[in-house]
Each structure stands twice: as structure tokens, then as C-alpha cells.
Amino acid sequence: MTHDADVVVVGGGPVGLMLACELALADVRVTVLERLTDVDPTIKAGAINSPSAEAFYRRGLLPALREVQDAAMERFSSFMRQRQAAGVSGVTPAPRFAGHFAGIMLRGDLLDESDPDFGTPGPAAEVGLIPQDALERVLAARAAESGVTLRRGVTLTGFDTEEDGVTVHTSEGSLRTGWLVGCDGGRSTVRRLAGFPFPGTDPEITGHQAVVEMTGSEALGAGWNWTETGTYVHGPTPGRILTVEFDGPPADRDAPITAEELQTSLRHVSGVQDVTITKVHTATRFTDNARQVPEYRRGRVLLAGDAAHVHSPFGGQGLNLGIGDAMNLGWKLAATVHGWAPEGLLDTYTAERHPIGAWVLEWTRAQVALMRPESHARALREVIAELSLTSAATTFFAKKISGVWQRYDLPGSHPLTGRTAPDLELSDGSRLADHLHGGQGLLLDLTGDPDLPKRATGYGRRVRVLTADCPQRPELAGLLVRPDGCTAWAAGAPGAYDELDAALRRWFGVPDGAVA
């Protein structure tokens with residue numbers, strides 16, 4: 001039966017749009033269904049981590065993201081100017097920021113940047129302060145340029161799966177597709193209708209995050225603050241507040257958030273009774289509900305982002321976890337659509353991404369435990385705060401928060417195998433990321449050995465071959481980089497190619513004209 005699209009993605013947030021862009025890059029016909037009629041302006045994540053920044057860099061999105069970051073930095077400066085104008089004493093530039101754990105700030109001057117896990121990110125290291133709504137606009141523009149069909153104001157009502165595809169039912173009719181991917185958030189309709197189990201831990205907190213106009217804010221402490229009744233954050237942009245109360249989840253997650261509700265929470269947690277909220281620009285509730293599906297695929301239905309895993313927002317891991325899902329899944333699903341995927345390739349999506357998702361859930365649970373307003377948690381928080389003033393602890397926490405620790409368990413003996421590919425500076429002035437914009441695999445020959453490029457004979461557009469010099473890394477003879485930027489093979493000397501042949505077949509299938 002003819003399909004209206006090769007893949008239908010439900011959910012047009014950053015994860016769904018990133019996945020759609022990856023699929024379109026591989027010439028897959030993709031339709032995105034989004035129930036909202038415009039980009040969601042609700043305040044959510046405010047930053048991206050290293051793997052996300054590298055992913056966008058490898059797709060040529062860094063210039064657009066730099067503009068977004070410049071605007072974010074101006075808002076930070078505006079917050080400092082407002083505090084100074086209000087006569088708040090002790091307003092000084094904060095030390096270089098390296099992240100936070102449960103609100104405990106990490107000082108960048110204590111970071112050991114020689115740690116090999118930080119690798120060679122190249123220009124991607126210059127971008128991090130990217131608000132989620134701005135990122136969604138950048139990805140929506142890229143999706144439009146790439147030919148993605150984005151249908152806004154459309155709601156998924158159901159779907160029927162068959163052996164050769166999926167019939168998707170929407171508020172505007174039905175369409176046929178080969179594959180369906182749910183990127184529709186923590187209360188995913190796709191996950192529910194497909195029957196994915198969603199085990200985990202129940203929520204214990206009620207959190208609010210908002211951008212408001214208020215009076216009396218000069219009495220609030222800037223940054224993260226712990227009190228006898230909870231935790232609150234003020235800044236680092238004008239009017240931004242966050243409160244956390246530890247007396248159970250909200251009675252109604254979907255009820256409209258009012259200025260009175262935010263004001264009551266802020267006064268309760270901060271103890272500042274004179275602060276008055278006069279206007280709400282954007283607001284959201286959150287909890288620490290932490291759940292994850294055991295498998296990210298059931299037949300022709302897959303999940304990515306919050307549809308596959310939910311947790312508290314502490315540490316800013318959620319958006320980045322979803323972008324990682326999209327990068328990992330995109331090329332594998334495209335290979336499956338085009339029929340060249342080696343056996344089991346699509347199943348490696350769960351195998352590689354599920355452990356990272358499980359780690360994020362534990363990481364956020366630990367932060368909730370540390371933030372509780374009770375004596376044992378306070379004592380432990382003091383210990384962690386003292387530890388964080390050491391270089392070793394700062395480096396440990398920063399590596400976890402930034403995502404540079406992430407590695408897939410791939411076969412191969414070289415230490416780079418399974419890690420993000422280093423952004424090598426090549427002798428012609430280009431960098432490795434410049435050669436990954438097309439979303440293909442890349443075999444990089446750094447020795448000029450004529451036998452190395454021959455190994456990729458028959459892979460056509462699946463694997464691009466590049467011969468170049470990299471004087472700064474003489475210990476590297478070659479790299480095989482997957483479309484998602486992961487190093488699938490690396491060698492330190494010419495001639496060590498048995499592992500390369502296995503990696504090519506494992507990730508890119510059988511070359512044309514060869515016997516499986």
C-alpha cells in the first residue's frame with residue numbers, strides 16, 4: 001500500500017523537529033503533527049549541553065545558535081543592572097559558571113580542563129545558553145528548509161499498526177506511514193495508545209517556574225536559595241523565578257497558573273512576605289515524577305524524548321537527553337526506511353540510549369533528595385558543597401552535567417570508539433564537523449594509505465571518504481564516524497583494518513555487490 005509519508009513524527013517540539021530534520025537529511029519523507037498552532041513560549045529548559053551543541057554544530061546550526069545565545073547573555077546582564085539599580089548590596093559578577101548540582105554552584109576556575117573526557121569539541125564549546133523556545137524556532141526554520149511537512153494545530157486521535165505500516169488518525173483525517181515516532185512529551189498519547197509500560201517513581205514535589213513582573217524582589221536572594229520550607233531561585237534573567245515545595249505533587253497539573261498561586265508559593269518558600277507578583281508572562285508547573293519505558297520501540301512505533309522518559313528538570317538534562325535520542329534514532333530509522341540497514345540496527349537505538357536515560361533519572365532523583373528541607377539532607381548538602389570547592393569534585397560534576405562522560409558500548413579496541421568524534425582541525429583549514437553537515441557516515445584517512453579508502457568501496461552515499469592531514473593528532477591514522485557523530489572505529493597506525501571492516505558492516509550494512 002502507498003504511504004503518505006515514510007515516517008510520521010507526533011510532536012513538533014525540539015526533539016520531534018530535530019528527528020524530522022535528521023530524517024529529511026537522509027531523503028526520508030517525514031510529516032510532523034503538532035497540536036499547538038505556534039512555537040510553545042512556555043519557559044522550559046534554558047541551556048544545552050556538550051553533546052547537543054556538537055550535534056547542532058555538525059549540522060551547520062552554530063551561527064543561528066550564537067545569535068540566540070547573544071540575546072540570552074543580554075538578558076543576564078539586564079538582570080544584574082536591575083539588581084544594582086534597586087540598590088541591592090553585594091551585586092558582583094559571579095565566578096565563571098560550570099553548572100550546578102541540586103543548586104550547588106560549580107566554579108569554572110576549579111575545573112580541570114585537561115581531563116581527557118572533555119575531548120576536542122571545537123567551536124561547539126562556545127554555545128550553551130540556548131532557551132528551549134528559541135531552539136525550537138531555529139529547528140522549525142531548518143525543518144522548513146529541509147522539506148519537512150509540519151502540520152500545526154493537528155491532534156493525534158489514534159492509530160492502527162499493520163505488518164507493513166501504520167494508519168495514523170488525526171483531527172484532520174487519516175494518513176498512512178511506514179513508521180510512527182512519538183515525540184509528544186511526558187504525557188505521550190503515542191506511548192499510551194501503543195501500550196508501552198512506564199515504570200518509575202511517583203512525584204513528591206510541586207515546582208513552579210515563571211517569568212513575572214513583581215515588586216519587592218530586591219529582598220529575594222539571587223540564584224539558588226534553600227530555606228526551612230523549600231527551595232527558590234531568583235534570576236539569572238529579569239523576572240525569572242522558580243520555587244520547589246516538598247509537600248507532594250500539585251492537585252491539578254493542568255489548572256491555569258495564576259499570579260496568586262505563584263506569589264503564594266514564592267512567599268511561602270522565600271519567607272519574603274512583601275514580594276508581590278503583578279503580571280505573569282509565562283509559567284509552568286513541574287514535579288519529580290521519574291519514569292522510563294523499558295524499550296523505545298514496539299514494532300513500527302518508537303518513542304523519543306520525554307515520551308520515553310520523564311524526570312525533574314534539575315540539572316537541565318531533559319532537553320539534551322531528547323536531542324541525543326533524535327540524533328541516535330534519525331539515521332538508523334532512515335537506513336531502515338531505505339532498506340540498507342544491517343540486521344538489528346534499529347534495535348541499537350534502545351540499547352544505546354536507554355542506559356543514558358536511566359542515568360538521568362537517577363541523577364535527578366539524587367538532586368531532589370539533596371534539596372529536601374530536613375536536617376539529614378541539609379547536612380549532606382553541606383558536605384557536597386564543601387566537596388564542590390575541590391578541583392576533583394568540580395571536574396566530576398561538570399563532566400556529568402555537560403554530558404562529556406557519555407559513551408556507547410561499541411566493539412573496538414581504540415579508546416575513542418563509542419565516544420563523540422573529536423573535532424579535528426585539518427591542514428586545509430577545515431574541521432571534522434564541516435564534513436558532517438550531510439548526515440552521512442565519514443571515513444577519515446589521516447595517513448594517505450591507499451588501502452584505507454578502498455575499505456569503503458561499495459558503500460556509495462552511505463559512507464563518504466575523506467583523505468586529509470591533522471598535524472596536531474599524529475597518533476591518529478583514521479576514524480570512522482557514524483552519522484550521529486559517534487566514533488565507530490579509530491586506529492593509531494596504518495594497516496589495523498580488521499576492526500574497520502567489521503564496523504563498516506555493523507553500522508552501514510553490506511557494500512553494493514558483496515555477499516552478506
Backbone N/O of H376 and side chain of E374: donor-acceptor pair under 3.5 Å: yes
Salt bridge between E74 and R81, side-chain N to carboxylate O under 4.0 Å? yes
Check I257, L262, I43 against Q209 for a side chain to side chain contact (heavy atoms under 4.5 Å, CB included) and give me the one that passes. I43
When you measure from the side chain of D112 to the backbone of L110, do you find a donor-acceptor pair of N or O atoms at a distance under 3.5 Å? no
Taking side chain to side chain donor-acceptor pair (under 3.5 Å) as the criterion, tell me which of D202, D306, T201 meets it with R291. D202
Answer whether the closest heavy-atom distance between the side chains of V10 and T189 falls below 4.5 Å. no
Is there a side-chain contact between F101 and K400, using heavy atoms and a 4.5 Å cut-off? no
Could you tell me whether a side-chain N or O of R431 sits under 3.5 Å from a main-chain N or O of L424, the two making a donor and an acceptor? no
Short question: side chain of R381, backbone of L370 - any donor-acceptor pair under 3.5 Å? yes
Are any side-chain N or O atoms of T227 and backbone N or O atoms of G230, one a donor and one an acceptor, separated by less than 3.5 Å? yes
Show your working on side chain to side chain contact (heavy atoms under 4.5 Å, CB included) between E136 and V15 and close with a plain yes or no. CA-CA 9 Å; E136 186 175 330; V15 176; over 6 Å; no
Under 6.0 Å from the ring centre and within 45 degrees of the ring axis: does the NZ or CZ of K399 meet both conditions for the six-membered ring of W405? no
Check whether more than 12 heavy atoms from other residues, nucleotides or ligands sit under 6.0 Å from atom CG of D274, and answer yes or no. no
What's the verdict on side chain to side chain donor-acceptor pair (under 3.5 Å) for E213 and H281, showing C-alpha distance, side-chain angles and the deciding distance? CA-CA 8 Å; E213 293 179 18; H281 293 288; 2.9 Å; yes
Let's go through D484 and R58 carefully: what are the C-alpha distance in whole Å and the side-chain angles of both, what is the deciding distance for salt bridge (charged side-chain N to carboxylate O under 4.0 Å, His left out) to 0.1 Å, and is it a yes or a no? CA-CA 9 Å; D484 58 354; R58 290 173 180 137; over 6 Å; no
Give a yes or no on whether a salt bridge exists between E34 and R152, defined as a side-chain N under 4.0 angstrom from a carboxylate O. no
Which pair of non-hydrogen atoms, one from P236 and one from F79, has the smallest distance, and what is that distance? O-CB, 3.2 Å
With under 30° as parallel and over 60° as perpendicular, where do the rings of H354 and Y296 fit, or are they tilted in between? tilted
Do the non-hydrogen side-chain atoms of K279 and V211 ever get within less than 4.5 Å of each other? no
Test T287 against N289 for side chain to side chain donor-acceptor pair (under 3.5 Å), laying out the working first. CA-CA 6 Å; T287 73; N289 181 39; 5.2 Å; no
Quick one: does T487's side chain have a donor or acceptor within less than 3.5 Å of a partner on R419's backbone? yes
Spacing of T276 atom OG1 and E260 atom CD [to the nearest 0.5 Å]: 11.5 Å
With a 4.0 Å cut-off on N to O distance, would you call E352 and K332 a salt bridge? yes
Do other residues, nucleotides or ligands put more than 12 heavy atoms under 6.0 Å from D70 CG? yes
Verify, without hydrogens or angle tests, whether E22 (side chain) and G330 (backbone) share a donor-acceptor contact under 3.5 angstrom. no
Evaluate side chain to side chain contact (heavy atoms under 4.5 Å, CB included) for D325 paired with L303, printing each intermediate quantity in order. CA-CA 9 Å; D325 291 348; L303 302 176; over 6 Å; no
Would you please say whether a donor-acceptor pair under 3.5 Å links the side chains of N320 and S52? yes
Whether F286 and F314 hold their rings parallel, tilted or perpendicular, with breakpoints at 30° and 60°: perpendicular
Side-chain heavy-atom pair F397, L111 within 4.5 angstrom cut-off: no
Given the ring of F198, does R191 sit roughly above its face, with NZ or CZ under 6.0 Å from the centre of the six-membered ring and within 45° of the axis? yes
Going through the distances and angles, do D254 and R187 end up as a salt bridge (charged side-chain N to carboxylate O under 4.0 Å, His left out)? CA-CA 12 Å; D254 299 318; R187 288 178 276 185; 2.9 Å; yes
Is it true that atom CD of E386 has more than 12 heavy atoms of other residues, nucleotides or ligands lying nearer than 6.0 Å? no
Taking the side chain as C-beta and beyond, is there a heavy-atom pair between T364 and D288 under 4.5 Å? no
Output, in order, the C-alpha distance, side-chain angles, deciding distance and verdict of side chain to side chain donor-acceptor pair (under 3.5 Å) for E245 and S265. CA-CA 8 Å; E245 298 170 272; S265 179; 2.8 Å; yes
Residues E54 and R59 bridged, charged N to O under 4.0 Å: no
Please test Q292 against H311 for side chain to side chain donor-acceptor pair (under 3.5 Å), starting from the C-alpha separation and ending with a verdict. CA-CA 9 Å; Q292 184 182 27; H311 49 83; over 6 Å; no
Report yes or no: does D423 contribute a side-chain atom to a donor-acceptor pair with the main-chain N or O of T120 at less than 3.5 Å? no
Rounded to the nearest 0.5 Å, how far apart are CZ of R137 and CG of D40? 9.5 Å
Spacing of L23 atom CG and M18 atom CE [to the nearest 0.5 Å]: 11.0 Å
Is T231 close to T243 at the side-chain level, that is, under 4.5 Å between some pair of heavy atoms? no
Is a side-chain N or O of R407 found less than 3.5 angstrom from the main chain of T417, in a donor-acceptor match? yes
Carefully, step by step, assess H208 and T206 under the rule side chain to side chain contact (heavy atoms under 4.5 Å, CB included). CA-CA 7 Å; H208 295 90; T206 293; 3.7 Å; yes
Tell me every residue that passes salt bridge (charged side-chain N to carboxylate O under 4.0 Å, His left out) with D133, counting only those two or more places apart in sequence or in another chain. none
Starting from the C-alpha separation in whole Å, work towards a yes-or-no answer on side chain to side chain contact (heavy atoms under 4.5 Å, CB included) for V301 and F159. CA-CA 10 Å; V301 181; F159 56 85; 4.0 Å; yes
Can you find a pair of side-chain heavy atoms, one from Y232 and one from V244, that are under 4.5 Å apart? no
Between CZ on residue F56 and SG on residue C21, distance to nearest 0.5 Å: 9.5 Å
Inter-residue atom distance T284.OG1 - K44.NZ, 0.5 Å rounding: 7.0 Å
L135 side, atom CG; L17 side, atom CG - distance, nearest 0.5 Å: 9.0 Å
Exercise: identify the closest heavy-atom pair between V368 and S312: CG2-OG, 4.1 Å
Closer than 3.5 angstrom, by distance alone: can the side chain of D184 be matched with the main-chain N or O of A307 as a donor-acceptor pair? no
Does atom CZ of R35 have more than 12 heavy-atom neighbours, drawn from other residues, nucleotides or ligands, at distances under 6.0 Å? no
I'd like to check L321 versus I356 (side-chain heavy atoms, cut-off strictly below 4.5 Å). Are they in contact? yes
A quick test of your reading: do over 12 heavy atoms of other residues, nucleotides or ligands sit less than 6.0 Å from CD of E145? yes
